[in-house]
Amino acid sequence: TFATTLLYAATTLLNSGEPTATDSLLDVLDSRRDALSSLDDLRWEHLRARLDGDGERELRALREAYSLGPGSRAGYNFAQTAVEMNRPREALATLEQLDPDRGELRGWAQYWTQLAHAHHLVGQFDREAAAAREMRNRYPERRIALVLEVRARAAEGRIDAVQELVS
C-alpha cells in the first residue's frame with residue numbers, strides 16, 4: 001500500500017530487465033498517483049514513458065524531476081536518456097551541473113560512465129579519457145573505466161596509448 005515503495009520496486013524491476021513486471025506495478029500505481037509526491041509522480045511518468053518508448057516524454061519528465069529534486073538521481077537519469085537519444089550536449093550540460101560527491105550520486109560510478117559516453121559522442125576524446133581515468137581512480141574494480149579510456153585513445157588514433165593501457 002506504500003506507493004513510493006512500489007515506485008522504487010518498479011524502477012528496480014525495469015533496471016533488472018523485467019518490463020512486464022514493471023508495467024504491472026505502474027498500472028497498480030496509476031490509480032494511486034495522487035498519493036505520490038510531485039517528484040515521485042514524475043518518476044512514474046518517466047518509467048511509463050520509457051516502457052512506452054516515448055523518449056521525448058521521458059526527457060520532459062526527467063528534466064522537470066531534476067528541477068524539482070536537483071539532489072536526486074533525476075539529473076543523471078536525464079543525462080543517461082539524452083545519451084541514449086543521441087543528445088550528448090544536453091547530457092553534458094546536465095552532468096557538468098551535478099556533483100558526483102553529493103546526494104544520491106555519491107558513490108555512483110555510473111556517473112563517470114555517462115560523462116565519458118557523452119564526451120565521446122561529441123568528439124571530446126581527451127575529456128572522455130579524463131572521465132575514465134577519474135572513474136578508474138575512484139572505482140578501480142570497475143573494468144568499464146579501462147574500456148572507456150581505451151576507446152578514447154583509439155578514437156584519437158593513439159595506438160601507442162592503447163597498447164600501454166592494455167598491457
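Worth saying up front: this structure is predicted, and the values here are computed from it rather than measured. Each residue takes its place number in the sequence, starting with 1.
Looking at R63 and E90, a side-chain N of the basic residue comes within less than 4.0 Å of a carboxylate O on the acidic one, giving a salt bridge. A salt bridge links E56 with R87: the distance from a Lys NZ or Arg NE/NH1/NH2 to an Asp or Glu carboxylate oxygen falls below 4.0 Å. Between D126 and R133 there is no salt bridge, since none of the side-chain N atoms of the basic residue sits less than 4.0 Å from a carboxylate O of the acidic one. With respect to R33 and E45, a salt bridge is recorded, a charged nitrogen being found less than 4.0 Å from a carboxylate O. Between E96 and R127, at least one side-chain nitrogen of the basic residue sits less than 4.0 Å from a carboxylate oxygen of the acidic one, meeting the salt-bridge criterion. D23 has a carboxylate O that lies under 4.0 Å from a charged side-chain N of R48, or vice versa, which qualifies the two as a salt bridge. Salt-bridge annotation for R60 and D54: absent, with no side-chain N of the basic residue lying under 4.0 Å from a carboxylate O of the acidic one.
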Checking side chain to side chain contact (heavy atoms under 4.5 Å, CB included) for the pair T12/E18: CA distance, chi angles, key distance, verdict?
-> CA-CA 9 Å; T12 300; E18 299 286 340; over 6 Å; no
Dump the intermediate steps for side chain to side chain contact (heavy atoms under 4.5 Å, CB included) on L105 and D99, then the final yes or no.
-> CA-CA 7 Å; L105 290 180; D99 183 348; over 6 Å; no
Do E84 and R50 pass the salt bridge (charged side-chain N to carboxylate O under 4.0 Å, His left out) test, and can you show the C-alpha distance, the side-chain angles, and the key distance before you say yes or no?
-> CA-CA 11 Å; E84 291 169 358; R50 189 165 192 84; 2.8 Å; yes
Kindly indicate, with the supporting measurements, whether the criterion side chain to side chain contact (heavy atoms under 4.5 Å, CB included) is fulfilled by Q110 and L115.
-> CA-CA 9 Å; Q110 293 86 333; L115 185 61; over 6 Å; no
Going through the checks in order, is the side chain to side chain contact (heavy atoms under 4.5 Å, CB included) test met by V162 and R158?
-> CA-CA 6 Å; V162 169; R158 294 194 44 210; 5.7 Å; no
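Here the closest heavy-atom approach between residue L13 and residue A21 is recorded as CD1-CB, 3.7 Å. The two residues A3 and L29 make their nearest non-hydrogen contact at O-CD2, 3.4 Å. Smallest separation of non-hydrogen atoms from A116 and E128: O-CG, 3.5 Å. When all heavy atoms of R43 and S72 are compared, the closest pair comes out as NH2-CB, 3.5 Å. Closest of all the heavy-atom pairs between A9 and L25 is CB-CD1, 3.7 Å. Heavy atoms only, all atoms of each residue included: S38 and L68 are closest at CB-CD1, 3.8 Å.
Atom CG of D40 and atom NE2 of H46 lie 12.5 Å apart (nearest 0.5 Å). Atom OG1 of T4 is separated from atom CG of L39 by 9.5 Å, given to the nearest 0.5 angstrom. Atom CE of M85 sits about 4.5 Å away from atom CG of L59, to the nearest 0.5 Å. Here the CH2 atom belonging to W112 is positioned 13.5 Å from the CZ atom belonging to R142, to the nearest 0.5 angstrom.
Residues T11 and R73 have side chains not in contact (no heavy-atom distance under 4.5 Å, counting atoms from C-beta outward). Using a 4.5 Å heavy-atom cutoff, the side chains of R143 and V147 are not in contact.
Under a 3.5 Å cut-off, the side chain of W44 and the backbone N or O of L26 do form a donor-acceptor pair. Without hydrogens or angle criteria, Y76 side chain to L98 main chain gives no donor-acceptor distance under 3.5 Å.
Cluster annotation: W108 is not connected to V83 through the hydrophobic network of ILVMFWY side chains, with a link wherever side-chain heavy atoms come within less than 4.5 Å. Two different hydrophobic clusters hold L146 and I144 under the rule that ILVMFWY side chains link at heavy-atom gaps under 4.5 Å. Following chains of ILVMFWY side-chain contacts shorter than 4.5 Å, one can reach L47 starting from L51, so the two form part of one hydrophobic cluster. Residues Y111 and F78 do not share a hydrophobic cluster, clusters being chains of Ile/Leu/Val/Met/Phe/Trp/Tyr side chains in contact below 4.5 Å. Side-chain heavy atoms closer than 4.5 Å link hydrophobic residues (I, L, V, M, F, W, Y) into clusters, and following such links, even through other members, never connects L14 to Y8.
Counting heavy atoms of neighbouring residues, nucleotides and ligands inside a 6.0 Å radius, atom CD of E104 exceeds 12 of them.
With no hydrogens or angles considered, a side-chain donor-acceptor pair links H119 and Q124 at under 3.5 Å.
Checked against the 6.0 Å centroid criterion, the rings of H120 and F125 qualify as a close aromatic pair.
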